[in-house]
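Okay, so here's the structure we're looking at.
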Amino acid sequence: MDHDEFSGALNTWFTGSARDLPWRKPGASPWAVLVSEFMLQQTQVDRVLPRWLEWMERWPTPSALAAAEPGDAVRAWGRLGYPRRALWLHRAAIQIATEHNDQVPTSVETLLELTGIGPYTARAVAAFAYGDRHPVVDTNTRRVIARAVHGKAAAGMPAAADLDDMEALLPQDPARAAVFNAAAMELGAIVCTARTPACDSCPVAAWCEWRGAGYPDNAPKKRPKQARFEGSDRQIRGRIMALLRATPGTVTTEAALAAAADGGVADAEQPRRAYDSLIADGLMIEFEGAARLP
DNA sequence: AAGCCGGGGGA
DNA sequence: TCCCCAGGCTT
């Protein structure tokens, strides 16, 4: 495959067809990009959009969020899911405000030291907020690489191999590289989708090894499937969190456990287990028979 | 490497 | 119903 032709075609498509997302606009601050990346971890764009707009208006800088109570961040997180992310983003804001002069770090290495930032988010911030040339690989890009480069039906390469592959595809010019990173993700999100890829409208179909091989069903390995949500501890935790978000101040432990059980439980210990785990995670503080957000 | 952590939307 | 999602942390 000619990498220049491939990236050129993908970038041209992105320029004309990409969704108009506010954190991609030239004026978006590094902080704005970082907040979007936290919210987008395992949560789709259309659900993130309204929350992100609220957050940026309320907490336009790291120090603004750092000055808030962590519970305010958790409450404002709403139903985005995985509320620990709100807690981690709040901690990251404190780290940025106090250790980095309120400026989002620029290097991948330093970004990785922030709470809640891993290999994907660190590179995404460095590439999208600062325009540095790094391979950015998320679940969409992994699938695009698996299909277009390796002719596989689904992603299955080790993460390090995907980074190497993306590095090889990445244009040398940092500006073009940043667009290519976003374009590969976008392609996976809206064309080269997991279930029903729209190959007829794919801008890089001519280079796609999977298409060239006749779409073999050669998925290397199923990813371990997540335990069902219904009846899970996560669901029960979610009930308690929903009550805490909806209640100013405190709720009694009794009320929290009742909310946990409301709707049914898989086993009798589940409400208490969920309650204790939320405390252990720092999402809830207990005192004198009552509980509240941190 | 595997398990855990929300919640919603699409097929 | 099951699958998937701009992942990261803990064990």
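Contact of Arg142(A) with dA6(C) (side chain to base): no donor-acceptor pair of N or O atoms is detected under 3.5 Å. Put simply, the side chain of Thr43(A) and the base of dG6(B) share a donor and an acceptor less than 3.5 Å apart.
Among the atoms of the strands shown, base atoms are found under 4.0 Å from some heavy atom of Trp23(A). Using a 4.0 Å heavy-atom distance criterion, Leu89(A) is classed as making no nucleic acid contact. Arg143(A) comes within 4.0 angstrom of sugar-phosphate atoms only, judged by non-hydrogen atoms across all strands, and of no base.
Set against dC5(B), dC5(C), dC2(C), the side chain of Ala194(A) has dC5(C) as its closest nucleotide. Checking dC5(C), dG7(B), dC5(B) against every side-chain atom of Thr139(A), the shortest atom distance belongs to dC5(C). Relative to the side chain of Pro83(A), the nucleotides dG6(B), dG8(C), dA6(C) differ in distance, and dG6(B) lies closest. Residue Arg85(A) places its side chain closer to dG6(B) than to any other of dC3(C), dG6(B), dA6(C).
Annotation: side chain of Ile96(A) is in contact with side chain of Pro105(A) (closest heavy-atom distance under 4.5 Å). Side-chain contact between Ile145(A) and Met157(A) is absent, with no heavy atoms from C-beta onward closer than 4.5 Å.
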Anything under 3.5 Å between a protein N or O and an N or O of nucleotides 9-11 of chain C, put it in a table, one pair a line.
from, atom 1, to, atom 2, distance (Å)
dC9(C), OP1, Gly116(A), N, 3.2

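Where Ser232(A) and Thr196(A) meet DNA chain B, the nucleotide closest to each residue was compared, and Ser232(A) sits on the side nearer the 5' end. Each of Ala189(A) and Arg195(A) has a nearest nucleotide on DNA chain C; the 5'-most of these lies closest to Arg195(A). The residue among Arg47(A) and Ala122(A) whose nearest nucleotide of DNA chain C lies closer to the 5′ end is Arg47(A).
Of the P atoms belonging to dG6(B) and dT11(C), the separation is 16 Å, rounded to the nearest Å. Look at the P atom in both dG9(B) and dG8(C): the space between them is 24 Å, to the nearest Å. Nucleotides dC4(B) and dA6(C) place their P atoms 23 Å apart, quoted to the nearest Å. Atom C1' of dC5(B) sits at a distance of 22 Å from the matching atom of dT1(C), rounded to the whole Å.
In this structure, Arg79(A) reaches the dG8(B) phosphate: one of its side-chain N or O atoms is under 4.0 Å from OP1 or OP2. The phosphate of dG7(C) (OP1 or OP2) has a side-chain N or O of Gln42(A) nearer than 4.0 angstrom. In this model, the phosphate group of dT1(C) is not approached by any side-chain N or O of Arg228(A) to a distance below 4.0 Å at OP1 or OP2. Applying the 4.0 Å criterion to OP1 and OP2 of dG7(B), one finds that Arg234(A) has every side-chain N and O outside that range.
As a whole-Å value, the separation of Arg51(A) CZ from dA6(C) C1' is 19 Å. Between Gln226(A) atom CD and dG7(C) atom P there is a gap of 13 Å when expressed in whole angstrom units. Rounded to whole Å, the distance from OH on Tyr82(A) to C1' on dG6(B) is 6 Å. Atom CG of Leu87(A) and atom P of dC5(B) are 16 Å apart (whole Å). Regarding Asp46(A), its CG atom lies at a distance of 18 Å from the P atom of dC4(C), rounded to whole Å. Atom pair Glu113(A):CD and dG8(C):C1' shows a separation of 16 Å (rounding to whole Å applied). In this structure, Met39(A) places its CE atom 15 Å from C1' of dG7(B), rounding to the nearest Å. Between the CZ atom of Arg273(A) and the P atom of dC4(B) there is a distance of 11 Å, rounded to whole Å.
When atom types are taken as modelled, the side chain of Arg292(A) and the backbone of Gly249(A) share no donor-acceptor pair closer than 3.5 angstrom. With Asn181(A) contributing its side chain and Ala177(A) its backbone, the two residues share a donor-acceptor pair below 3.5 Å. At least one donor-acceptor pair closer than 3.5 Å links the side chain of Arg234(A) to the backbone N or O of Ala227(A).
Around atom CD of Glu254(A), no more than 12 heavy atoms belonging to other residues, nucleotides or ligands sit under 6.0 Å away. Counted within 6.0 Å of CG on Asp217(A), heavy atoms from surrounding residues, nucleotides or ligands total 12 or fewer; the atom is thus considered open.
Ion pairing between Arg51(A) and Glu54(A) holds under the 4.0 Å rule for side-chain N and carboxylate O. Between Asp132(A) and Arg123(A), no side-chain nitrogen of the basic residue sits less than 4.0 Å from a carboxylate oxygen of the acidic one, so the salt-bridge criterion is not met.
Across all strands shown, dG6(B) forms no Watson-Crick or G-U wobble pair with both distances under 3.5 Å.
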